[in-house]
Amino acid sequence: MGARKQKPQRYQEPRESAEARGRANAIVWRAWPFMAWGLPVALFLVGLLLGTGGWEMVIVMLLSPVLLPALAFTALLPRIIMKRSAGLRSSKTLISVLLIVQWWGTVLFALSVRGVGDSGSTASVLGSVFFSIREPLEQLLMGIGVVLVLVPYLTVLVLAANLPKPRDGEPVIEPSPVVRSQGRWSIVGAAVLVPAVLVGVAVAGVGVGDATHDRVAAEQEHLWNDMQEQLSFMRDVITADPWYVSGGGALDEGKDAYRMNIGWILELDLAPEEVAERAVNAAGSSGWQLERQPVTEIEAIDAANAGSVPGSLQQFLATTDDGCEIIVTIDQAVNGEQSEEGSEAPSAEQPSDATTEANEASESNTAATRIELSMTSPPKPVARDLWIDWRERVPSEEQSVNLDHRSEQRHGPARAFDPDEWPSLAKVSTTTLF
């Protein structure tokens with residue numbers, strides 16, 4: 001008779017392996033309630049202590065007596081099902097791994113979600129701590145966090161609802177040694193690898209974001225220097241004296257666009273008509289037609305309030321071939337002594353009207369003529385999240401330079417620039433002028 005055929009036996013996991021895997025699952029099982037209740041509170045306190053967030057922090061605080069128990073019950077629902085339906089007192093390996101992923105996803109979401117402010121969103125916790133993490137990366141990390149929370153949670157919920165009820169005396173078995181080996185280390189691996197992968201994604205995102213911002217910054221610097229070169233010839237023809245900066249930088253145009261603006265100002269001991277003639281000739285030498293613009297009553301009043309001789313304001317406009325607008329403003333500056341005398345009340349000792357008019361005419365002929373050049377580019381497209389932070393891009397030799405000639409008493413002598421030189425875009429963008 002032939003040998004009796006034996007039935008293949010299922011692999012039974014060794015006791016020490018089952019105990020090691022069981023300890024890890026038991027730790028996750030016991031940590032589950034603490035994470036469900038404590039993790040939302042801890043993440044809220046982190047945002048509160050760092051001063052991040054907006055109106056959503058107030059809403060969460062007000063609704064916390066209802067919101068926190070609801071979140072905790074939702075997080076513990078699979079555990080309740082596993083405990084009541086399957087009679088489990090410890091987690092399963094796959095469920096433990098998914099829970100760890102879900103917890104890390106919760107941390108990532110809470111730290112990367114942007115706050116709600118009065119006029120827009122505010123930086124997240126990560127964006128506040130690490131300035132290199134900008135809005136696009138915050139949104140990407142928040143989206144990853146949402147996926148890492150919802151997908152594992154729903155998977156755990158489905159697994160918990162479909163776990164078989166245990167049978168008395170049934171040994172703990174695994175289908176193969178490969179699965180047993182994976183189960184032993186998968187829990188620890190998930191706890192270590194998931195945050196490592198998330199940090200890697202954040203670092204890669206910072207690198208991509210920095211490269212994109214560097215490209216946009218280089219484009220804006222190129223536009224700035226190109227416009228300055230065009231305007232330098234006009235400045236030189238008007239006068240070879242050094243000019244002061246009156247403003248400049250990238251102006252928010254809305255609808256994902258900006259305009260580059262340049263401003264120069266100078267006072268000359270010349271008559272306004274002569275200065276205006278020089279400006280027109282300088283523009284013509286550059287191929288631009290400078291045309292006189294009407295001065296509105298409001299503009300005249302604003303100029304007088306700013307220290308101009310009434311009636312002296314003149315405005316000219318030209319458009320370059322590449323669409324840039326050049327505005328030339330000419331007026332006569334009232335010195336402090338003239339302004340104070342003009343504000344005195346009439347008295348019996350004052351001269352006659354004819355004498356006053358003659359004195360004013362004489363003073364106006366000797367008063368300094370102020371000319372301001374402003375050049376603005378046509379709208380340039382740029383994504384809203386690509387606005388450049390110029391604070392770390394100011395050249396070291398310009399960091400202590402004062403550009404505001406009206407604040408010399410507080411910040412020292414202001415730097416004036418010859419017609420063939422100008423400050424960097426970074427310096428002007430980080431300086432508050434006037």
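Given the structure is predicted, the values throughout are model-derived calculations rather than measurements. When a residue number appears, it is its place in the shown sequence, counting from 1. In what follows, every heavy atom counts, from backbone to side chain, and hydrogens, waters and symmetry copies are set aside.
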Between [X] and [Y], is any side-chain donor less than 3.5 angstrom from a side-chain acceptor?
X      : Y      : result
Asn225 : Trp422 : yes
Asn25  : Ser96  : yes
Thr376 : Asn261 : yes
Ser112 : Glu138 : no
Glu372 : Ser246 : yes
Thr329 : Gln314 : no
Arg292 : Gln315 : no

Please answer whether the main-chain N or O of [Y] pairs with a side-chain N or O of [X] as donor and acceptor at a distance below 3.5 Å.
X      : Y      : result
Ser429 : Ala426 : no
Thr430 : Trp390 : no
Thr320 : Cys324 : yes
Glu398 : Pro395 : no
Glu274 : Pro272 : no
Asp226 : His222 : no
Arg235 : Asp418 : yes
Tyr244 : Glu267 : no
Lys380 : Leu223 : no
Trp32  : Ala75  : yes

Compare every heavy atom of [Y] with every heavy atom of [X], then report the nearest pair and how far apart it is.
X      : Y      : value
Tyr258 : Ala250 : CD1-CB, 3.8 Å
Ile371 : Ala279 : CD1-CB, 4.4 Å
Thr106 : Leu43  : O-CD1, 3.8 Å
Arg370 : Ile265 : CD-CD1, 3.8 Å
Phe316 : Gln293 : C-CG, 4.2 Å
His405 : Ala414 : CA-CB, 3.4 Å

Flag side-chain contact, heavy atom, 4.5 Å: [X] against [Y]:
X      : Y      : value
Tyr153 : Pro78  : yes
Asp420 : Asp236 : no
Met375 : Glu325 : no
Leu76  : Trp37  : yes
Pro419 : Phe233 : no

Does the side-chain contact (heavy atoms from CB on, under 4.5 Å) test come out yes or no for Leu231 and Trp243, once each step is laid out?
CA-CA 12 Å; Leu231 209 55; Trp243 292 66; over 6 Å; no

Could you list the residues that satisfy side-chain contact (heavy atoms from CB on, under 4.5 Å) with Pro379, not counting sequence neighbours?
Glu253, Ala257, Arg259

Under the side-chain contact (heavy atoms from CB on, under 4.5 Å) rule, collect the residues that match up with Asn281, sequence neighbours excluded.
Glu277

I would like to know whether Asp214 and Arg393 meet salt bridge (charged side-chain N to carboxylate O under 4.0 Å, His left out); could you show each step before the answer?
CA-CA 10 Å; Asp214 290 342; Arg393 300 175 184 265; 2.9 Å; yes

Does this structure show an ion pair linking Arg415 with Glu421, if we count only N-O contacts that are shorter than 4.0 Å?
yes

From the list Leu159, Val156, Leu157, side chain to side chain contact (heavy atoms under 4.5 Å, CB included) with Ile81 holds only for Leu157

Show your working on side-chain contact (heavy atoms from CB on, under 4.5 Å) between Trp224 and Val428 and close with a plain yes or no.
CA-CA 11 Å; Trp224 170 265; Val428 176; 3.9 Å; yes

Counting only heavy atoms not in Glu392, do more than 12 fall under 6.0 Å of its CD?
no

Is the Trp264 ring parallel, tilted or perpendicular to the Phe417 ring (thresholds 30°, 60°)?
perpendicular

